Amino acid sequence: MTSPRLKAIRNIGIIAHIDAGKTTLTERILYYTGRTHKMGEVHNGAAVMDWMPEEQERGITITAAVTTCRWKGAVINIIDTPGHVDFTIEVERSLRVLDGAIGVFDAVSGVEPQSETVWHQADKYRVPKLAFINKMDRLGANFYQAVASMREKLGAHPLVLTIPLGAEDRFRGVIDLLKMQALLWREETLGAVFEEMEIPEEYREEAQKARDTLWEALAEVDDQAMEAYLGEEPLSPEEIKAAIHRSTVALRGVPTYCGAALKNKGIQPLLDGIKDFLPDPTEVPPITGHHPQSGAVEARPPLDRGPLAALAFKIMVDQAQRLTYVRLYSGALKPGQEVYNPVKGTTEKVARLLRLHANKKEPLSEATAGSIVALLGLKAATTGDTLCSQGHPIILEPISAYVPVISLAIEPATRDDQERLSLALARLAEEDPSLRVHTDEDTGQTLLSGMGELHLEVIIHRLERDFHAQVRAGRPQVVYRETISGRGKETGGFDRELAGKLHFAQVELGFAPRPRGAGNTFTPLLPADHPAQAFVPVVAQAVQEALDGGPVYGHPAVDVAVALHEASVKEGQSTEMAFRIATMTAVKQGMTRFQPQLLEPIMRVEIIAPEEFTGEVLGDLNARKGKVEQLLAKGPVRLIAGHAPLSEMFGYATQLRSLTQGRGTFTLQFDHYGYVERREEK
């Protein structure tokens, strides 16, 4: 029998493009559910969920924050995620552990670039979604256009449940299409109280048309609704809600609401939608993983008394405390309990269990299936690790990592900062899987690699503010790659006497280019009885090491197919060292001979700028070797979409502000590696 406690849980995330109003919406949800007694505002740095100093100063969300609230019997665990593309890893790992999500869209801009990215991330994990068309009070707000952009850009099937009562400065409330009533919010209560009343005469025709459209849209995605629609049989309100719930959980429909979070309008119907239409942990497919020894696929249904299965999805070091954020899929956890990490092969003891409210923590005596909590006391667990019982081991699917596209050289400002810097970088890399820290072998410099300029800028500020490690940073550098565009065979050999012993090996390798993004491959083509078969693993490893080292320009080689065609051995003289050196020689010669090419990150760029500045923006983008692929009119603004080399886009935020009098916005997102037109000295 399903636990009533489990049926009441909703694990949801708020996802959207930057500045769509995610955090403002979350603040209203917390206020109206009684979780907080004062609404914090993003624009004055007082939002509860944006608790980091970096977030408060910049007015953006940088790290995913977790909280819990209650609404009409439902326990809602919320993760407020970042909207900036540089912090996409926060969205990725949050969606990995959630059962539902709310996509927030700007009523003026509709579906924006990062909205599209996070929506498809949710699709990847098959997360059911609601949509909230926000900022209906803004100049240029167009609800129906925003809904249309959901269909066009996301392939979504909106089930519109509320439509706006007015728009822009005349936006007063919403019309509930299920109850066919107008909802008007009272300003003096900060939106906590609203009145249900008859739909005003001038909106009745529009409301009836929207209701008919909802009815048709629901019939398209639910069989029972289709039967009633064709038979012209009315459904009760409970049957309609059940049909919407079924289509939402099955990922066939998206209940869609509207409002203005900043003006405190439209939030309560959305809360009802979270309770009524998003799934509880028992309504999503049980989490599956594989047995670490046998490899057999196993499922873990959400049972409090089942075997323990939890996923560590985030590590946070807060005030010298290492917090491990986990989603508990099955079983129960208590302080003092031992948990097994099959990924690391370690057993650790949970010191404390904590319920989170942004950066505030409440101790728990127990956490059960469906919970999202933080653990104190774990030292080995990292992002993506599974925690389970040793008697019932399981490894859950890990969390995808992202490849950094930009690097920054840093060094400690003083000798005293050196030790602090090493410790701080280790902690930050532990928290953020998209941050890479490595040392350049040639220069000895410490290099930080990340997802963008803002990402690295935030890391530098955190080093100084949180860890008191003063650093000097160089100019950001692009992370290049190299490849070949020709094909052929190359021989490498090694025949030398070292320390009185002869070493001999000779290999013939074939080289060929692969499509962009296909990766490197190694294929041994020696017959099964070939005398060099024992050295094939050594050759494979040497090929990988040689490609990683960048034989031509010093950057890692990608999309190269290498095949071992022939190998020569001499009895008593052929050694692993000889084969390793011969292979590396062949790789270097082959990469040099077969038309080596330098690759650079090509970014997808989308710019929104007022119409009168379009010419200047296009001219500047062209000067940066950008290629414009789309120019769309969106009311008073223009959307410019295209591609540009990352190396040409440094400092673009400042330039765009200058060109558009501070009114333009843009997003950069890695798209692919492309050929560098000519080698430039950096």
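This one's a predicted model, so the numbers in the text were calculated from it and none came from an experiment. Below, each value reflects all heavy atoms present in this structure, side chains not excepted, and no hydrogens, waters or symmetry copies.
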Enquirer: Going by the rule ring-ring contact (aromatic ring centres under 6.0 Å, His included), which residues pair with F579 if we only count those two or more places apart in sequence or in a different chain?
Expert: F535
Enquirer: Walk me through whether E338 and E348 qualify under side chain to side chain contact (heavy atoms under 4.5 Å, CB included).
Expert: CA-CA 5 Å; E338 287 195 340; E348 297 186 274; over 6 Å; no
Enquirer: If we ignore hydrogens and angles and just use 3.5 Å, is the side chain of N520 paired with the main-chain N or O of D559 as donor and acceptor?
Expert: yes
Enquirer: What are the two closest non-hydrogen atoms of V118 and A16, and how far apart are they?
Expert: CG2-N, 3.9 Å
Enquirer: Could you go through the side chain to side chain contact (heavy atoms under 4.5 Å, CB included) check for I410 and L421 one step at a time?
Expert: CA-CA 10 Å; I410 62 168; L421 180 61; 4.1 Å; yes
Enquirer: Measuring from atom CZ of R10 to atom CG of L98, what distance do you get when rounded to the nearest 0.5 angstrom?
Expert: 13.5 Å
Enquirer: Start with the C-alpha distance between I79 and N11, add both sets of side-chain angles, then the distance that settles side chain to side chain contact (heavy atoms under 4.5 Å, CB included), and finish with yes or no.
Expert: CA-CA 8 Å; I79 300 183; N11 290 317; over 6 Å; no
Enquirer: Side chains of L323 and Y325: closer than 4.5 Å at any heavy-atom pair?
Expert: yes
Enquirer: Hey, is the main chain of K344 close enough, under 3.5 Å, to the side chain of N341 for a donor-acceptor pair?
Expert: yes
Enquirer: Return the minimal non-hydrogen interatomic distance between H455 and D432, and the atom names on each side.
Expert: NE2-OD2, 2.7 Å
Enquirer: Can you check whether T382 reaches T324 side chain to side chain, under 4.5 Å on heavy atoms?
Expert: no
Enquirer: Is it the case that T68 and N77 place a side-chain donor and acceptor less than 3.5 Å from each other?
Expert: yes
Enquirer: Less than 4.0 angstrom from a charged side-chain N to a carboxylate O is my criterion; do E411 and R472 meet it?
Expert: yes
Enquirer: So, for A429 and L435, which heavy atoms are closest and what is the spacing to 0.1 Å?
Expert: N-CD2, 4.1 Å
Enquirer: Between Q541 (side chain) and V538 (backbone), is there a donor-acceptor pair under 3.5 Å?
Expert: no
Enquirer: Contact between P601 and Y673 at the side-chain level, heavy atoms closer than 4.5 Å - yes or no?
Expert: yes
Enquirer: Does T24 reach the main-chain N or O of G21 with its side chain, forming a donor-acceptor pair under 3.5 Å?
Expert: no
Enquirer: In Å, rounded to the nearest 0.5 Å, how long is the span from OG1 of T583 to CZ of F522?
Expert: 7.5 Å
Enquirer: Please indicate whether H290 has more than 12 foreign heavy atoms, meaning atoms of other residues, nucleotides or ligands, lying under 6.0 Å from its NE2.
Expert: yes
Enquirer: Determine the minimum heavy-atom distance between R481 and V558, stating which atoms define it.
Expert: CD-CG1, 3.6 Å
Enquirer: Please name the pair of heavy atoms, one in E430 and one in I315, separated by the smallest distance, quoted to 0.1 Å.
Expert: O-CB, 3.8 Å
Enquirer: Is a donor on one side and an acceptor on the other found under 3.5 Å between the side chain of E482 and the backbone of H555?
Expert: yes
Enquirer: What's the separation between atom CD1 in I395 and atom CD in Q293, rounded to the nearest 0.5 Å?
Expert: 8.0 Å
Enquirer: Does P307 offer a backbone N or O that forms a donor-acceptor pair with the side chain of S330 under 3.5 Å?
Expert: yes
Enquirer: Side chains of L375 and R352: closer than 4.5 Å at any heavy-atom pair?
Expert: no
Enquirer: Between D280 and K275, does any NZ, NE, NH1 or NH2 come within less than 4.0 Å of an OD or OE carboxylate oxygen?
Expert: no
Enquirer: Are any non-hydrogen side-chain atoms of E362 and L354 less than 4.5 angstrom apart?
Expert: no
Enquirer: Looking just at side-chain N and O atoms, do E600 and S647 make a donor-acceptor pair shorter than 3.5 Å?
Expert: yes
Enquirer: Say you draw a straight line from OG1 of T67 to CD1 of I76; how long is it, rounded to the nearest 0.5 Å?
Expert: 10.5 Å
Enquirer: For the pair S294 (side chain) and A296 (backbone), establish whether a donor and an acceptor sit closer than 3.5 Å, ignoring hydrogens and angles.
Expert: yes
Enquirer: Are the side chains of V97 and Y125 in contact, using a 4.5 Å heavy-atom criterion?
Expert: no
Enquirer: Between R322 and L378, is there a donor-acceptor pair closer than 3.5 Å when you use the side chain of the first and the backbone of the second?
Expert: yes
Enquirer: Working to the nearest 0.5 Å, report the span between CG of L428 and CG of L448.
Expert: 8.5 Å
Enquirer: As an exercise, state the distance from CG of L387 to OH of Y340, rounded to the nearest 0.5 Å.
Expert: 11.5 Å
Enquirer: To check you understand the geometry: which heavy-atom pair defines the closest contact between A546 and V587, and what is its length?
Expert: CB-CG1, 3.6 Å
Enquirer: Quick one: does R96's side chain have a donor or acceptor within less than 3.5 Å of a partner on E397's backbone?
Expert: yes
Enquirer: Has T386 got a side-chain atom pairing as donor or acceptor with L396's backbone, closer than 3.5 angstrom?
Expert: yes
Enquirer: Among I12, D123, T248, which residue meets the side chain to side chain contact (heavy atoms under 4.5 Å, CB included) test with K129?
Expert: D123
Enquirer: Would you check if P556 and L547 make a side-chain contact, meaning some heavy-atom pair closer than 4.5 Å?
Expert: no
Enquirer: Within a strict 4.5 Å, meaning less than it, do heavy atoms of the W71 and I274 side chains meet?
Expert: no
Enquirer: Mark yes when over 12 heavy atoms from residues, nucleotides or ligands other than E116 sit less than 6.0 Å from its CD; otherwise mark no.
Expert: yes
Enquirer: Would I78 and I14 satisfy side chain to side chain contact (heavy atoms under 4.5 Å, CB included), going step by step from the backbone distance to the final call?
Expert: CA-CA 7 Å; I78 302 173; I14 314 288; 3.9 Å; yes
Enquirer: Using 4.0 Å as the upper bound for N to carboxylate O, is an ion pair formed by E27 and K22?
Expert: no
Enquirer: Any donor-acceptor pair under 3.5 Å linking the side-chain atoms of T288 with those of R300?
Expert: no
